[in-house]
Structures are given as C-alpha cells and as structure tokens.
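Below is one structure, written out as structure tokens; comments come after it.
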Protein chains: 2
Amino acid sequence: MSVFPQQAEVREVFAQHLRDNNQRQTPERFSILDEVYETDGHFDAESLLKKLVEKGVGVSRATVYNTLDLLVECDLVVRHQFGGKHAKYERAYAYWQHDHLICEQCGEVLEFCDPRLQGVRDMVGGIYDFEIRRHALTLYGLCRRCRGR
Amino acid sequence: MSVFPQQAEVREVFAQHLRDNNQRQTPERFSILDEVYETDGHFDAESLLKKLVEKGVGVSRATVYNTLDLLVECDLVVRHQFGGKHAKYERAYAYWQHDHLICEQCGEVLEFCDPRLQGVRDMVGGIYDFEIRRHALTLYGLCRRCRGR
DNA sequence: ATAACTGCAAAACATTTGCATACAG
DNA sequence: CTGTATGCAAATGTTTTGCAGTTAT
C-alpha cells in the first residue's frame, strides 16, 4: 500500500476527469495511476505492465494502454515519442515543464528548461494564428564521456 | 527520367558516403534518392515504395527502408517521429533547418524557424557539456479554422 | 571472384481490437 | 439492472530479418 506525496490530489484530478466523461472509476485504473506516480523518469507501457504484474496487481496490457490514454487526456501524464518505435511516458502533475537532451551514443536523457521557448511559442503562435497548447523540444548530441572515446 | 535541381550534387554526396563506407552504388539506391528529392514535404516509407512501384521502378520494401537509413546517415534526409506510430521523412540537402507547428485537430503541418533556438542549443550544450548535433522542436496547438468551430 | 545487395516472405515489435465475462453506477 | 471496463488472445500495421539468388566492384 505505497503512498506518494500528492496521492490524494492526483487521484482526485483523475476521478474528476472520469466523472466528467462518464467513465468508471475502476480499481485497475487507480492502481495504474499509483504505479505511474511512484515511477521517476521515463517509462514505457510494457515495463509499467511488468511492474504491476510483479506486484500482483492483476491488470492486462489492454487496460494499461487504455488507462495511459486517459491519463494523457487529463494531463496527468505526458507521452514522448523520442527516437525509437515505442512511446515513453512520464508523470506530469506538479512537475516542471521541461525539455530533453539525449546522447545519441549512450542514450542518456537529461532534462532542461529554457525560458526562450516561451518566446518562441508566443511569436510563432502569433504569426500563424495558432493557439499553442504544448511543445516538445529534444536536443540530440554527444555527452562528454562519449565524445571522449 | 525526371530531373530536379541539384540532382548531380545530391547524387555525388550519396555516392561519396557509399564509397566512404564500402557500400555499393546500386541503381535501386539512386532511384530511391531521386524519388525522395522529387517529393515535397513529408512522406513515409510505404508511400515512397508505392510511388516507386507505380513508376515501374522495381524496388522492395526492405530496400526502401535500408536506403532511407543510408540517406539519414549522410544527412540527405531527416527522419521525424511526430505523433503517430510511423516515421515521416523529408529531404534535407540545401533545405533550411526548420521546426514544425502542428494542428492537433486537422493535422495541418507548418514549418517555421526561430533564431532563438540556436541560443538554446548553445547554452544547454554548454551547461551539460554536450556537443549538440541536431534538434527537433514541434509546437502543437489549434489553427484558426479549428479554433473557430 | 566475392562480399555486399536485392527481393520475398516470414518474423518481430508495439499497439489495438473483438468478444465474452465482470462490475461500477 | 445496464452500459462500460476488463482480460485474453488474435489482429493490425510498421519495420526488420533470414535466406537464396544477384550484382557491383
């Protein structure tokens, strides 16, 4: 019965979203939410399923994918499509908006935040008359170690 | 026998890359290169294959994927992993470095360029001691038309 | 010659779907 | 009760792979 800071808050956000869309509050969905919020950093659907199964929480792959979609809808989770073929997810509530820096050699992922991005969003949105809702910036390069060898 | 501006230049870049890596200059590879450079905007592997087959150029799916990888390696093509599950490609030689603005409702894709990105690359690369080689910025939002309804 | 490339079809992979059963509201 | 959600396994769609035959160098 593990708990994390803000568990109640996050559960309430999810519950509200489900109520708003006439969807059920099932135990599976909350188990998945909890597991996501106990996870630091990026994860993929398969490893999330694996951890749940190992803990003895009976959920199926279909339910994991379905629930991740719901969590993305209500902004409790963000989905990233870095380079590979499978999506990565990350919890998003009360977590700073950030971008990513990836080493193409060793795969290390770092996070950063640059205020100029807000300026870019505002300006580009203004020019093309778009209402910008989110963005994804990923910088690819070589870290110090990999550059060494 | 269609030709596009810079065909000779682009073919030579590819030929050089193949020579450098002891790889063969096959007619299939150059047919694919030509087709890529006759295509404006984004495309995926399957539609490229379809166009080649329709033109009577005998290439297989495997060869299309293999060749696209080679073209990405020598920077003649960039691969994008927007939202969906399949990769999009785009020719890159003598084409401005740009980023993308996508309407989440209708899927429209616009291109833009903001010089501040260079500042972000330089600063973040400096702070984390990374040699930044490329970046991908995508802004998601609602275009004027979709916002209207 | 001979190592690399091609085409084909099968395999692999993440993700989605169909359907019978279970359960939240 | 009743419509949704679940679990399972089969289906999907994209990309990769193995192999026998072909070809550039």
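Residue numbers begin at 1 in each chain, while the letters A, B, ... track the order of the sequences. Everything quoted here is computed from the prediction, not taken from an experiment.
- For C:dA24, neither phosphate oxygen OP1 nor OP2 lies less than 4.0 angstrom from any side-chain nitrogen or oxygen of A:Thr26.
- With sequence neighbours excluded, the residues that form a side chain to side chain contact (heavy atoms under 4.5 Å, CB included) with B:Gln81 are A:Gln81, B:Arg79, B:Ala87.
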* Asked: Reading nucleotides 18-23 of chain D 5' to 3', which nucleotides get B (base under 4.0 Å from a protein heavy atom), which S (sugar-phosphate only), which -?
  -> -----B
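- Side-chain N/O atoms of A:Tyr65 include one lying less than 4.0 angstrom from OP1 or OP2 on C:dT15.
- For the OP1/OP2 pair of C:dA24 and a distance below 4.0 Å, the side-chain nitrogens and oxygens of A:Arg29 include no atom meeting the criterion.
- A distance below 6.0 Å separates the ring centres of A:Phe14 and A:Phe30.
- Contact check, A:Ser60 against D:dT6: no side-chain N or O comes under 4.0 Å of OP1 or OP2.
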Contacts under 3.5 angstrom, residues 96-103 of chain B side chains, donor-acceptor by atom type, not counting sequence neighbours:
unit_1, atom_1, unit_2, atom_2, d
B:Gln97, NE2, B:His135, NE2, 3.4
B:His98, ND1, B:Trp96, O, 2.9
B:His98, NE2, B:Glu90, OE1, 3.4
B:His98, NE2, B:Glu90, OE2, 3.2
B:His98, NE2, B:His100, NE2, 3.3
B:His98, NE2, B:Glu111, OE2, 3.4
B:Asp99, OD1, B:His135, NE2, 3.0
B:Asp99, OD1, B:Leu137, N, 3.2
B:Asp99, OD2, B:His135, NE2, 3.2
B:His100, NE2, B:His42, NE2, 3.0

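- B:Arg61 comes within 4.0 angstrom of a nucleotide base, judged by non-hydrogen atoms across all strands.
- In this structure, of D:dT6, D:dT15, C:dT16, it is D:dT15 that holds the atom nearest to the side chain of B:Glu46.
- Minimum atom distance to the side chain of B:Asn66 is reached by C:dT6, of the listed D:dG7, C:dT6, C:dG7.
- Contact annotation: A:Gln23 side-chain N/O to D:dA5 OP1/OP2 distance is under 4.0 Å.
- Figure legend: A:Arg91 and A:Tyr95 shown as a cation-pi pair, the cationic atom lying under 6.0 angstrom from the six-membered ring centre and within 45 degrees of its axis.
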